[in-house]
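Whatever order the structure lists ligands and atoms in, that order sets their numbers, starting from 1. Keep in mind the model is a prediction, meaning the values are calculated, not measured.
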Amino acid sequence: MSIINAVIEKVKQMDPDQREFHQAVIEVMETLEPTTTRHPDFVKSGIYERIVEPERAVIFRVPWADDKGNVQVNRGFRVQFNNAIGPFKGGIRFHPSVNLGIIKFLGFEQIFKNSLTTLAMGGAKGGSDFDPKGKSDFEIMRFCQAFMRELFRHVGPEIDVPAGDIGVGAREIGYMYGYYKKIRNEHTGVLTGKGLEYGGSLIRPEATGYGTVYFAAEMLATRGMDFKDKLVAVSGSGNVAQYAIEKVNELGGRVITICDSNATVVDQEGIDSEKCCYIMELKNIHRGRIKEYADKYNTVCFDGLNVWDTIRENGIKVDIALPCATQNELDGENAEALIKNGCMCVAEGANMPSTPEAIKIFRESNVLYGPGKAANAGGVATSGLEMCQNSMKLSWTREEVDNRLLMIMKNVHKTCLDAAEAYGKKGDYVTGANIAGFIKVAKAMHAFGVV
Ligand code: NDP
């Protein structure tokens, strides 16, 4: 059995219930096969076996009191996966679906993504099965404080620097940072995605969405194309989706879909900047449902369907697809339907939004397919820029950060293409992203010896 297959089998056997983690490991490992012959030293020093095992995983109780005075208990996680090239770094997710397998899949992906940005950041992820939906502001605050009451022991600006993810935005980062500052009595860059008034970076909220569109634009440019007048399908309506829409509008494309976990809205006239501002207010301030968009703008709304099912069932024409909601939202049938409906480019704003079947179909077709660990790396890259500004105790302008983000995304794109070509898979962004991300981390691990 090859070393790659042996590692995959062991991962499955050790944690048979961690389905999403297996999926992420298989997707990366299968593309690393050629590195085992080119780098026998990696095999000898057990890099492949070691990279799939987190440095440590902390699971903790998060007790808090709701508005009625009832005690609630959630489970908290922080998986510190790999710090070979820099301090652990990765977001925190609050969603009822969170479990150890989900956090491990996200932390594993983060290793390669962070490496691709060229910044010194290791991979980690954290979260809780807490459901922020329907909770009051005070409940959110008490939960965030309870979460940080344990997390503070494990993080620090040179140790592990968490950020936001699903269910964790500016409000939650504020509450967690405020509590960390209180109990540690220090004002330091322990979280990214902070408010501008207390150490945040301009463009961080925009970075993942903007970066995904920059990456897609780079992919399109390899075929002499751009966003102008293209029909764009975006899924989700949270942080990543909102700023992806804003950037697509700036580049002249027309976004025609958006969704949340209840419904999909199709707006053939396009979600212009005024409508995009409405979505930001609806989602970030009123915490409303996307159906309200359909009521306000009198557009079609498909209850219970996600964007990709809606496109498939209704034969909607799409040029570019930007999945920006959650893992495994786009399956093989959806991928086939997208291609049939004219889609030429898929850039993943979300982490692992395409199932293995969908990825296979995209890679075997003529579609430009940018996997999340490359296409959405702009978020963590700008978190890295926030860390730089915090340690230098200064703030860069909006233009400066945006320009650096654009340069980083261009560089990530080129790195993927170069690595793919060097390993005989010209144009394959999946292979390119995985190998380029892996090599740097593997070399660092090798240099340290067996630790
Ligand atoms: P948000 O919580 O801001 O938004 C998530 C959006 O996705 C919401 O609109 C949510 O709807 C929707 N959604 C969640 N689950 C489903 C589902 N099962 N079906 C349909 N819609 C769903 O999160 P983000 O925008 O920050 O994150 C989105 C994705 O991007 C995630 O995969 C995340 O890991 C990834 N990502 C985020 C980064 C960041 O900087 N924030 C960085 C890199 C990747 P609802 O409100 O109903 O739950």
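For the residue pair Lys283 and Gln242, no side-chain donor N or O sits within less than 3.5 Å of a side-chain acceptor on the partner. For Tyr214 and Asp402, the side-chain atoms include at least one donor-acceptor pair closer than 3.5 Å. Using a 3.5 Å distance cut-off with no hydrogens or angles, the side chains of Asn74 and Ser128 do not pair a donor with an acceptor. Side-chain contact annotation: Asn403 with Glu399, donor-acceptor N/O pair under 3.5 Å absent. Judged purely by distance below 3.5 Å, without hydrogens or angles, the side chains of Gln389 and Trp396 never pair a donor atom with an acceptor atom. Counted by atom type alone, Thr31 and Lys425 present zero donor-acceptor pairs between their side chains at under 3.5 Å.
The ligand atoms of ligand 1 that sit less than 4.0 angstrom from a heavy atom of Gly349 are 30 (O), 35 (C), 36 (N), 44 (C). Residue Arg289 has at least one heavy-atom neighbour below 4.0 Å for each of these atoms of ligand 1: 45 (P), 46 (O), 47 (O).
Nearest protein heavy-atom neighbour of atom 20 (C) of ligand 1: Asp260 O, 3.5 Å. The shortest contact between atom 3 (O) of ligand 1 and any protein heavy atom is with Asn239 N, 2.9 Å. The single protein non-hydrogen atom nearest to atom 44 (C) of ligand 1 is Asn351 ND2, 3.4 Å, given as residue, atom name and distance.
Ion pairing of Lys340 with Glu336 is absent here, as no side-chain N (NZ or NE/NH1/NH2) approaches a carboxylate O to less than 4.0 Å. In summary, Glu250 and Lys247 engage in a salt bridge, as defined by a charged side-chain N under 4.0 Å from a carboxylate O.
Below 3.5 Å of separation, one finds an N or O of Arg93 facing an N or O of ligand 1. For ligand 1, the polar-atom distance check against Ser261 finds a nitrogen or oxygen pair separated by under 3.5 Å. Of the N or O atoms in Val240, one or more lie within a sub-3.5 Å distance of an N or O in ligand 1. Of the polar atoms of Thr326, none of the N or O atoms is found under 3.5 Å from an N or O of ligand 1, judged by distance alone. Residue-to-ligand polar distances place Gly167 within reach of ligand 1: an N/O pair is separated by less than 3.5 Å. The shortest N or O to N or O distance between Thr208 and ligand 1 is under 3.5 Å. In terms of polar-atom proximity, Asp165 is counted as a contact of ligand 1, with an N or O under 3.5 Å from an N or O of the ligand. Ligand 1 has a nitrogen or oxygen under 3.5 angstrom from a nitrogen or oxygen of Ser237.
For Gln242, the heavy-atom gap to ligand 1 stays at 4.0 angstrom or more. Not a single heavy atom of Asn306 sits less than 4.0 Å from an atom of ligand 1. Heavy-atom distances between Gly169 and ligand 1 stay at or above 4.0 Å for every pair.
Evaluated by nearest non-hydrogen atom to atom 28 (C) of ligand 1, the leading choice among Ala325, Gly236, Gly379 is Ala325. For atom 8 (C) of ligand 1, the nearest non-hydrogen atom from the set Ala377, Gly238, Pro205 comes from Gly238. Looking at Thr382, Asn376, Leu305, Ile166, it is Ile166 that brings a heavy atom closest to atom 5 (C) of ligand 1.
With Tyr297 as the aromatic partner, Lys275 meets the cation-pi criteria of under 6.0 angstrom to the ring centre and within 45 degrees of the ring axis. For the pair Lys135 and Phe94, the cation-pi test (distance below 6.0 Å, angle within 45°) is failed.
A side-chain contact (heavy atoms from CB on, under 4.5 Å) with Phe362 is found for exactly one of Leu368, Val430, Leu338, namely Leu338.
Counting heavy atoms under 4.0 Å from ligand 1, residue Arg204 touches it through the side chain alone. Only the side chain of Lys133 comes within contact range of ligand 1, with a heavy atom under 4.0 Å; no backbone atom does. Looking at Cys324 against ligand 1, only its backbone comes within 4.0 Å, counting heavy atoms.
Between Phe143 and Trp64, the ring planes are perpendicular. Angles over 60° get that label, and only those under 30° would be called parallel.
At most 12 non-hydrogen atoms from other residues, nucleotides or ligands lie less than 6.0 angstrom from CG of Asn298.
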